[in-house]
Amino acid sequence: MEFYLEDGKQLSPNCSTLVLPALSIGNVGQLAVDLLISSLKAEKIGYLDEPNVLPCVGNDAYSPSPLGKLALPVEAYESSSSAMTLVQQRSPVVKGTMIEYAKNVASFAAANGKNHVIILSSLDFGRWKNIDMSSGLQIYYLSSSNVDGTDADCETLGWNRLQDYDPAQRTWKYLNTLAEQGSVPDEDFSFEELEDEDYYQVCLLLHYFPAL
């Protein structure tokens, strides 16, 4: 992955949080990043040339009267007022290369001083079993801050930890192995014997590792 700055632009050391989408159900992650870029009036600072993302091109996505500026598959924006770098990904990862892509994104975050990485995703609301509609804000999270997936900062915002998360559950253990080792033999996990409790975990596995 190569990062190319726009002419005259620089990465701000104050933007220590990286926000990017997972290509998930309903494109919710991508739409959320679009909304953040637009509402924060984030400034485009460059693009990432990533060989593991399918090529695409379009017109400027944020100007009320597009001037013909090209929009590329993976672009970087910054909002200094919110101390955030926002990466928008507009096309999927090439099948079989998700692990390599994840490593490249992690290298980009580390090389540019990002202390926090937030990935915006979604799940099928129709399959949710433990919905408490009285709780108001329907935002759920998982964090690497603690083994049980909790995060004090997220709780302060009124978010709830994803109820169905169990670090001892086999699909989460498989995902953790992928993250730590980079790859595991396909025969170590069978997608043909999935149970109901596997649903949310497999959704996230497929969001982050669609080559499986």
Side-chain angles (χ1 to χ4, degrees), residues 1 3 15-42 44-48 50 52-58 60-62 71-79 82-95 97-109 112 114-128 131 137-145 149 151 153-154 157-165 171-172 175 178-179 199-212:
M1 176 183 286
F3 178 55
C15 294
S16 59
T17 297
L18 174 64
V19 179
L20 64 157
L23 275 65
S24 52
I25 294 173
N27 297 328
V28 171
Q30 292 162 296
L31 292 171
V33 171
D34 272 340
L35 182 59
L36 285 170
I37 292 171
S38 180
S39 61
L40 295 173
K41 295 180 171 55
K44 183 180 176 181
I45 56 168
Y47 68 93
L48 296 108
E50 172 52 59
N52 299 310
V53 172
L54 291 173
C56 72
V57 67
D60 183 359
Y62 304 109
L72 301 175
V74 188
E75 294 182 329
Y77 296 78
E78 277 192 347
S79 170
S82 301
M84 290 193 303
T85 297
L86 302 121
V87 169
Q88 180 60 289
Q89 179 184 337
R90 294 189 172 89
S91 60
V93 176
V94 176
K95 183 176 181 180
T97 67
M98 178 55 75
I99 298 296
E100 190 63 30
Y101 174 63
K103 290 180 179 178
N104 290 344
V105 171
S107 296
F108 168 76
N112 291 284
K114 306 306 176 186
N115 298 325
H116 307 282
V117 177
I118 299 172
I119 301 175
L120 303 177
S121 186
S122 61
L123 291 171
D124 184 352
F125 200 73
R127 292 293 298 272
W128 209 280
I131 302 175
L137 194 63
Q138 295 295 316
I139 297 178
Y140 296 86
Y141 76 92
L142 286 178
S143 173
S144 60
S145 296
D151 188 299
D153 291 334
C154 292
L157 293 170
W159 302 352
N160 300 309
R161 195 205 69 169
L162 187 67
Q163 302 104 317
D164 295 82
Y165 174 64
T171 41
W172 287 117
L175 180 57
L178 282 175
Y199 174 72
Y200 301 110
Q201 292 88 337
V202 172
C203 274
L204 291 177
L205 276 169
L206 295 177
H207 290 168
Y208 296 109
F209 298 94
L212 297 177

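The shown structure was predicted, so the numbers you read here are calculated from the model rather than taken from an experiment. The basis for the numbers below is simple: all heavy atoms, side chains too, and nothing from hydrogens, waters or symmetry mates.
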Q | F108: partners by ring-ring contact (aromatic ring centres under 6.0 Å, His included), with sequence neighbours left out | A | F3
Would you indicate whether the side-chain heavy atoms of [Y] and [X] approach each other to under 4.5 Å?
X: V87; Y: V105; answer: no
X: L20; Y: V117; answer: yes
X: M1; Y: V74; answer: no
X: L35; Y: L31; answer: no
X: L142; Y: R161; answer: yes
X: D34; Y: Y62; answer: yes

Pairwise distance [atom1]([X]) to [atom2]([Y]) - rounded to 0.5 angstrom:
X: T85; Y: N112; atom1: OG1; atom2: CG; answer: 8.0 Å
X: L86; Y: C15; atom1: CG; atom2: SG; answer: 8.5 Å
X: M84; Y: L40; atom1: CE; atom2: CG; answer: 5.0 Å
X: D151; Y: H116; atom1: CG; atom2: NE2; answer: 9.0 Å
X: I45; Y: E78; atom1: CD1; atom2: CD; answer: 3.5 Å
X: N160; Y: C154; atom1: CG; atom2: SG; answer: 10.5 Å

Q: Give the minimum heavy-atom separation between V53 and P73, together with the two atoms involved.
A: CG1-CB, 4.0 Å
Q | Closest non-hydrogen atom pair, L23 against P92 | A | CD2-CA, 3.4 Å
Whether the side chain of [X] engages the backbone of [Y] through a donor-acceptor N/O pair (distance < 3.5 Å, no angle test) should be reported.
X: K41; Y: S79; result: no
X: Q30; Y: Q88; result: no
X: S121; Y: A22; result: no

Q: Go through the structure and list residues passing side-chain hydrogen bond (donor to acceptor under 3.5 Å, both in side chains) with E75, not counting sequence neighbours.
A: K44, Y77, R90
**Q.** Working for side chain to side chain contact (heavy atoms under 4.5 Å, CB included), residues L120 and L36
**A.** CA-CA 11 Å; L120 303 177; L36 285 170; 4.2 Å; yes
